[in-house]
Amino acid sequence: TWANNDMANVLASIDVGIIFLDRRLHVRRFNQAATPIVNLIPGDVGRPATHLSSNLEKDDWVEDARGVFETLARHEEEVRTRDGRWYLMRIRPYRTVDDAIEGVVLTFSDITEQKRAQRAAQSAQIVAESVVHTVREPLLILDGNLRVESANRAFYDTFDVRPAETEGKLVYELGNDQWDIPDLRALLEEIIPKNEALQGYVVEHDFERIGKRKMVLNARRVSMGELPSLILLAFEEVS
């Protein structure tokens with residue numbers, strides 16, 4: 001009785017939807033958090049899961065449960081309800097203390113906010129990349145370790161380099177180390193960490209492929225909350 005009471009309280013106190021199905025895939029138990037996903041009432045205990053109506057856009061969730069019971073292979077999938085909420089559905093075999101398989105357990109964790117944040121981040125990335133590639137001046141985006149995350153077309157054209165030899169490289173390694181410039185090191189390693197932005201930093205260098213150039217560098221460290229900071233590095237050639 002105490003074990004049953006403990007289980008009932010645990011199921012009632014968590015926000016993750018849980019459904020227990022027996023060997024015949026009949027409902028053994030469920031908690032309140034599962035009812036917005038699968039339409040369940042107390043009288044559904046003992047009913048076949050195939051007789052239940054669900055709010056999932058996915059219609060074959062019972063077949064997924066059957067597959068887990070038959071193969072013992074765990075199943076995990078992101079699913080959406082008809083009201084637009086997202087859940088991470090996990091299906092696991094139900095094991096007794098004697099290691100017998102007596103059904104399956106389905107859990108539904110609400111990931112709606114994470115999905116919204118992910119879509120917002122993807123949209124922001126698309127906008128940022130569009131801005132980067134629209135800028136006429138050469139531009140590099142560096143991660144916190146000073147590796148190139150991306151560059152715009154103007155950078156490749158100006159310095160006669162290709163994406164394959166640029167992205168993922170340390171900025172000092174670009175173009176056969178032609179960017180291993182003391183002034184640039186000072187800018188990135190000493191000045192930028194102390195300042196959010198730097199304007200009009202002049203660098204003069206004899207580049208291997210394009211010859212001697214005098215460049216004005218503008219740099220800014222961009223903080224993105226809990227995400228690692230990035231460094232935007234723009235170049236403007238001085239005639």
Side-chain angles (χ1 to χ4, degrees), residues 1-126 129 143-145 147 149 167-168 224-228 230:
T1 299
W2 277 111
N4 188 63
N5 289 337
D6 289 345
M7 174 63 75
N9 279 276
V10 168
L11 292 178
S13 64
I14 60 177
D15 295 329
V16 176
I18 303 176
I19 303 174
F20 296 93
L21 302 181
D22 64 17
R23 298 173 61 88
R24 298 179 299 166
L25 300 185
H26 290 196
V27 178
R28 288 187 60 247
R29 195 166 197 162
F30 62 91
N31 68 348
Q32 186 63 32
T35 58
I37 306 157
V38 178
N39 298 316
L40 287 159
I41 59 175
D44 288 327
V45 172
R47 289 186 63 194
T50 52
H51 291 185
L52 303 174
S53 64
S54 84
N55 295 315
L56 294 172
E57 292 181 347
K58 173 185 175 66
D59 296 324
D60 58 349
W61 64 277
V62 179
E63 291 306 311
D64 291 335
R66 190 186 311 278
V68 170
F69 177 72
E70 293 175 351
T71 66
L72 304 185
R74 298 181 175 187
H75 181 85
E76 186 171 300
E77 182 181 354
E78 293 181 355
V79 295
R80 193 171 75 162
T81 55
R82 292 185 175 88
D83 61 356
R85 300 199 69 80
W86 283 91
Y87 294 86
L88 178 60
M89 179 180 72
R90 292 190 176 100
I91 309 176
R92 303 288 187 268
Y94 181 100
R95 295 180 182 273
T96 67
V97 292
D98 299 323
D99 204 30
I101 306 301
E102 293 294 339
V104 295
V105 182
L106 297 91
T107 62
F108 297 88
S109 303
D110 194 329
I111 57 171
T112 304
E113 294 307 315
Q114 294 94 311
K115 293 291 287 187
R116 287 174 180 168
Q118 182 182 26
R119 288 196 297 268
Q122 290 171 344
S123 298
Q125 182 178 2
I126 292 172
E129 290 177 351
D143 65 16
N145 297 317
R147 290 188 179 275
E149 287 212 350
E167 295 178 0
M224 300 178 293
E226 297 180 357
L227 298 177
L230 297 175

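R29 is linked by a side chain to side chain contact (heavy atoms under 4.5 Å, CB included) to N4, M7, A8, L11, F20, counting only residues two or more places apart in sequence or in another chain. Partners of E78 by side chain to side chain contact (heavy atoms under 4.5 Å, CB included), not counting sequence neighbours, listed by chain and number: W86, L88, I111, K115. Applying the side chain to side chain contact (heavy atoms under 4.5 Å, CB included) criterion to F69, with sequence neighbours excluded, gives R23, I101, V104. Residues passing the salt bridge (Lys or Arg N to Asp or Glu O under 4.0 Å) test with R90, sequence neighbours excluded: E76. Evaluation of the side chain to side chain contact (heavy atoms under 4.5 Å, CB included) rule for D98 yields T96 as partners, not counting sequence neighbours.
To the nearest 0.5 angstrom, I91 atom CD1 is 4.5 Å from L106 atom CG. E70 contributes atom CD, which lies 8.5 Å from atom CD of E63 (distance to the nearest 0.5 angstrom). Note that OG of S54 and CZ of R82 are 5.5 Å apart. Values are rounded to the nearest 0.5 Å.
Residues G84 and R80 come closest through the heavy atom pair C-CG, 3.9 Å. Residues F30 and V45 come closest through the heavy atom pair CE2-CG2, 4.1 Å.
Looking at heavy atoms from C-beta onward, V68 lies in side-chain contact with P93 at the 4.5 angstrom threshold. Inter-residue side-chain proximity for I37 and M89 is flagged as unmet; no heavy-atom pair is nearer than 4.5 Å. Between V27 and L21 the shortest side-chain heavy-atom distance falls below 4.5 Å.
Each salt bridge (charged side-chain N to carboxylate O under 4.0 Å, His left out) pair with one or both residues in residues 100-114, not counting sequence neighbours, appears once here: R85-D110, E113-R116.
Of the possible polar contacts, none joining the R92 side chain to the A73 backbone as a donor-acceptor pair under 3.5 Å is found. Between the side chain of N31 and the backbone N or O of V16, at least one donor-acceptor pair lies under 3.5 Å. Checked by atom type and distance alone, the side chain of R47 never pairs as donor or acceptor with a backbone atom of H26 at under 3.5 Å.
The only member of I41, L40, N55, I19 that meets side-chain contact (heavy atoms from CB on, under 4.5 Å) when paired with T35 is L40.
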